[in-house]
Trainee: 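The structure follows.
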Protein chains: 2
Amino acid sequence: MSYARIAELSSHAGQSVTVRGWVTHLRSSGKVAFIVLRDGTGILQAVVVKSQVPAEVWERFGALTQEACVAITGEVRADARAPGGHEMGLAALDVIGASPLDYPIQPKEHGVDYLLDHRHFWLRTPRQVAIARIRSEVEQAINDFFYEHGFLRVDTPILTAAIGERSGLFATEYFDLGNAYLAQTGQLYGEAAAAAFGKIYTFGPTFRAEKSKTRRHLTEFWMIEPEVAFIDSDENMQLQEDMLVFIVRRVLDRKQAELKELEREVAKLEAAASAPYPRIDYTDAVATLQKKGSAVTWGDDLGAEDETLLVEDYSTPVFVKNYPKEAKAFYMKENPADPRTVLCNDCLAPEGFGEIIGGSQREDDLEKILRRIREEKLPEDAYDWYLALRKYGTFPHSGYGLGLERTVAWICGTQHIRECIAFPRMMHRLRP
Amino acid sequence: MSYARIAELSSHAGQSVTVRGWVTHLRSSGKVAFIVLRDGTGILQAVVVKSQVPAEVWERFGALTQEACVAITGEVRADARAPGGHEMGLAALDVIGASPLDYPIQPKEHGVDYLLDHRHFWLRTPRQVAIARIRSEVEQAINDFFYEHGFLRVDTPILTAAIGERSGLFATEYFDLGNAYLAQTGQLYGEAAAAAFGKIYTFGPTFRAEKSKTRRHLTEFWMIEPEVAFIDSDENMQLQEDMLVFIVRRVLDRKQAELKELEREVAKLEAAASAPYPRIDYTDAVATLQKKGSAVTWGDDLGAEDETLLVEDYSTPVFVKNYPKEAKAFYMKENPADPRTVLCNDCLAPEGFGEIIGGSQREDDLEKILRRIREEKLPEDAYDWYLALRKYGTFPHSGYGLGLERTVAWICGTQHIRECIAFPRMMHRLRP
């Protein structure tokens with residue numbers, strides 16, 4: 001018996017094979033019946049002709065239910081109309097695991113809380129499969145991009161010592177050492193690694209214990225954080241642009257079927273696959289927003305509504321650069337051309353999908369960064385090793401953090417990032 | 001001014017370029033001097049001839065210290081004797097960041113605790129750079145292997161709800177939902193994902209709050225956990241073997257310089273790059289060990305010493321399969337040929353580097369897995385969604401967990417896994 005996965009059937013046309021999977025649809029005219037099977041790699045329709053199969057096979061067909069796990073055997077026929085391009089003429093049918101009639105996900109509308117409660121089954125539905133495949137493709141594209149550009153992947157720690165009384169930290173008792181805190185970023189470690197290895201990136205989960213219930217927040221989400229020695233803020237934006245173009249092109253090249261399943265407007269993604277992306281100075285952005293009627297004033301960070309207003313004139317992602325110092329973190333480098341601002345950028349996805357990247361040149365002047373740490377009343381000792389990077393052979397360097405779920409949400413065209421990770425964690429959700 | 005990274009110098013031979021990096025060695029005859037520079041991508045020696053450079057350049061050279069950050073400009077000359085194959089004839093030298101004379105890592109022996117306290121600087125030394133490069137290569141190889149074999153990458157949650165009073169769990173307060181626990185494995189989620197996507201793997205950090213101080217334990221370590229629908233225990237071992245051969249070959253192909261830096265015996269790695277690996281039944285392994293003088297008796301799990309004794313007759317990794325039920329986890333499938341045992345395997349690295357993989361076919365019979373959960377007094381409710389995978393359309397499936405740091409330690413030939421991750425976390429170490 002030759003087993004095949006559905007995605008591989010094109011190399012089995014004309015052959016008899018066995019495919020194992022789960023039943024998603026059943027229908028019968030009384031003489032001819034159809035089973036639609038999914039095995040995670042694809043969808044296959046099998047045709048059962050009553051007069052051509054043994055009576056017990058027809059009986060087994062009659063007892064099938066949604067999500068029963070079965071093995072079906074028969075000849076694979078190319079059929080352009082069939083989902084996946086192939087059909088099977090069923091000759092044998094064996095039930096591997098029956099499925100009671102009360103399978104939780106029925107072909108009807110369920111509320112999102114119910115679906116999240118049954119996320120382990122919800123994941124099996126076509127839209128969720130498409131999102132998961134695009135996420136996986138984006139992840140491989142990111143790894144490939146950095147690998148091909150000579151970056152070292154560095155895994156920075158999740159369990160970290162206190163670096164000050166910051167809000168939004170998950171804490172856990174750590175043996176005799178007091179509390180450990182779950183990392184909100186790997187950046188500080190990334191900076192140390194950039195001095196050791198030149199060009200690095202991290203790829204891991206990060207945590208925010210925030211009581212935030214927006215469609216753009218998770219308590220556990222994945223970030224990719226490159227950090228590069230000897231590049232400045234402009235080169236940092238160039239790197240972001242090159243990476244995003246690479247990712248979007250990869251998805252367009254290899255995930256058309258999934259984009260179609262998601263009814264994504266592909267033309268809009270294609271626009272984002274072309275550089276250059278505009279780079280707007282924060283001060284100019286505020287002026288533009290005010291003209292458009294926003295109440296934003298110089299010094300404010302930009303809110304989600306302002307971001308949407310600003311990108312509506314563009315089809316690509318948009319960089320907004322050099323924000324006021326007060327709106328941004330202590331480690332960002334003072335802008336020599338305007339010391340009220342720092343050399344940083346946000347990258348806003350088009351179509352109102354909001355911020356997907358935050359980046360900056362890092363402050364490499366020991367005195368200036370010490371002043372910022374004191375101004376913000378952060379505990380100087382906790383940063384001793386980080387400050388030592390400035391004391392001994394300080395170096396210009398820049399980096400950024402890409403939010404994986406937000407990027408996948410934009411590419412998939414979905415507003416809720418909770419669908420862009422297999423088992424989302426939110427303020428009210430820790431299971432399954 | 002044209003900037004170059006040291007790793008790219010072969011495309012600049014004969015040209016004048018500027019290289020930025022940190023000083024690792026300095027020596028001078030009074031008329032001719034040498035600077036060895038590292039920039040994370042490689043090592044470059046620059047020659048300074050007093051009579052050929054301006055007086056202020058020679059003076060700047062005289063004031064250089066270890067780990068000062070500098071930009072050096074000059075012609076790149078191919079030189080087979082030079083580290084990296086190139087040398088620079090220095091024409092200009094600028095100091096970017098000076099380094100005080102008390103740089104913590106001096107060219108002498110430091111104790112390992114001291115080095116771990118200064119891990120941010122220790123990472124810059126040649127041996128640590130070589131290990132980090134091999135780790136990064138292994139990670140990309142793993143991603144490439146699964147991508148090329150049609151696996152979906154699935155990121156399973158770190159924050160998980162209680163699944164019973166198990167030891168070794170880090171706990172954190174999770175809003176109004178009681179405690180969340182840091183995942184020790186992504187496997188249970190991986191099983192749900194395998195039913196949705198067919199073939200999946202996870203790639204992330206896992207946590208053990210164990211008071212263990214061996215050279216083989218970290219409290220935070222990275223695991224890769226594939227899970228595949230419709231494969232049995234034998235096919236599962238085949239997948240492990242294919243993956244390990246792929247990883248070892250990749251490192252041999254692309255990381256010879258790093259293996260040399262580590263003084264790794266390459267011939268021993270080459271042996272591990274050839275399949276097949278032996279598959280020894282646990283019962284036979286116990287008999288062999290007893291002949292070799294071990295006190296092990298049937299029913300025991302194998303300890304580190306037994307593992308070393310067992311693999312000494314082989315040059316490849318070794319599978320030990322079908323352990324007694326009592327020695328293994330509740331989710332492993334009962335062996336139909338001998339119900340005292342389960343369909344599982346450990347994979348032991350050669351040369352005494354110990355277990356790097358644990359795998360098994362999963363119990364897919366609802367009644368049998370329920371019985372095991374009750375025998376082990378695990379809370380049935382907490383497993384409701386996991387059990388539902390067996391209730392609705394249960395399916396045969398198998399998977400395994402590869403310990404990343406242990407695998408890197410074996411490939412690098414280092415006994416201590418603490419050097420195989422950038423910032424190791426151990427019972428007494430949470431910083432830097």
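Within every chain, numbering begins at 1; the chains are lettered A, B, ... in the order of the sequence lines, protein sequences first and strands thereafter. Keep in mind that what you see is a predicted model, and the values were worked out from it rather than measured.
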Trainee: Using heavy-atom distances under 4.5 Å, tell me whether A/Pro432 contacts chain B through its side chain, its backbone, both, or neither.
Mentor: both
Trainee: Tell me every residue that passes side chain to side chain contact (heavy atoms under 4.5 Å, CB included) with B/Gln66, counting only those two or more places apart in sequence or in another chain.
Mentor: B/Tyr103, B/Gln106, B/Pro107
Trainee: Which atoms of A/Ala195 are under 4.5 Å from chain B, going by heavy atoms: the side chain, the backbone, both sets, or neither?
Mentor: both
Trainee: Of the backbone (N, CA, C, O) and the side chain (C-beta and beyond), which part of A/Ile421 lies under 4.5 Å from a heavy atom of chain B, both, or neither?
Mentor: side chain
Trainee: Relative to chain B, which segment of A/Arg38 carries a heavy atom at a distance below 4.5 Å: side chain, backbone, both, or neither?
Mentor: side chain
Trainee: Would a distance-only check, ignoring hydrogens and angles, find a side-chain to backbone donor-acceptor pair under 3.5 Å from A/Arg135 to B/Val154?
Mentor: no
Trainee: Which bit of A/Glu67 comes within less than 4.5 Å of chain B, counting heavy atoms only: side chain, backbone, both or neither?
Mentor: backbone
Trainee: Heavy-atom distance under 4.5 Å between the side chains of B/Pro205 and A/Asp155, does that happen here?
Mentor: no
Trainee: Is the shortest heavy-atom distance from the side chain of B/Phe230 to the side chain of A/Cys69 under 4.5 Å?
Mentor: yes
Trainee: Using non-hydrogen atoms only, which part of A/Ala161 is less than 4.5 Å away from chain B: side chain, backbone, both, or neither?
Mentor: both
Trainee: Could you look at B/Arg431 and say if it's the side chain, the backbone, both or neither that has a heavy atom under 4.5 Å from chain A?
Mentor: side chain
Trainee: Pick one of side chain, backbone, both or neither for A/Asp365, based on which atoms fall under 4.5 Å of a heavy atom in chain B.
Mentor: neither
Trainee: Heavy-atom distance under 4.5 Å to chain B: side chain of A/Ala388, backbone, both or neither?
Mentor: both
Trainee: So, for B/Trp22 and A/Tyr392, is the gap between ring centers shorter than 6.0 Å?
Mentor: no
Trainee: For A/Phe121, is it the side chain, the backbone, both, or neither that has a heavy atom closer than 4.5 Å to a heavy atom of chain B?
Mentor: side chain
Trainee: For A/Ile200, which atoms come within 4.5 Å of any heavy atom of chain B: side chain, backbone, both, or neither?
Mentor: neither
Trainee: Report the residues that fulfil side chain to side chain contact (heavy atoms under 4.5 Å, CB included) with A/Leu177, sequence neighbours left out, ordered by chain and then residue number.
Mentor: A/Tyr174, B/Leu430
Trainee: Give, as side chain, backbone, both or neither, the part of A/Trp222 having an atom under 4.5 angstrom from any heavy atom of chain B.
Mentor: side chain
Trainee: What part of B/Arg5 is in contact with chain A, defined as an atom under 4.5 angstrom from a non-hydrogen atom: side chain, backbone, both or neither?
Mentor: side chain
Trainee: Please look at B/Asp364 and chain A and tell me whether the side chain, the backbone, both or neither of the residue comes under 4.5 angstrom of a heavy atom of that chain.
Mentor: neither
Trainee: A/Glu405 versus chain B, heavy atoms under 4.5 Å apart: side chain, backbone, both or neither?
Mentor: neither
Trainee: So, B/Gln140 side chain and A/Tyr147 main chain: donor-acceptor pair closer than 3.5 Å or not?
Mentor: no
Trainee: Is A/Arg153 positioned over the aromatic face of B/Phe203, cation under 6.0 angstrom from the ring centre and no more than 45 degrees off axis?
Mentor: yes
Trainee: Please give me the minimum heavy-atom distance between A/Ala192 and B/His120, naming the atom from each residue.
Mentor: CB-CB, 3.9 Å
Trainee: Between A/Phe170 and B/Leu159, is the side-chain contact (heavy atoms from CB on, under 4.5 Å) condition met? List the steps.
Mentor: CA-CA 10 Å; A/Phe170 288 110; B/Leu159 294 167; 4.0 Å; yes
Trainee: Side chain, backbone, both or neither: which part of A/Asp117 has a non-hydrogen atom closer than 4.5 Å to chain B?
Mentor: neither
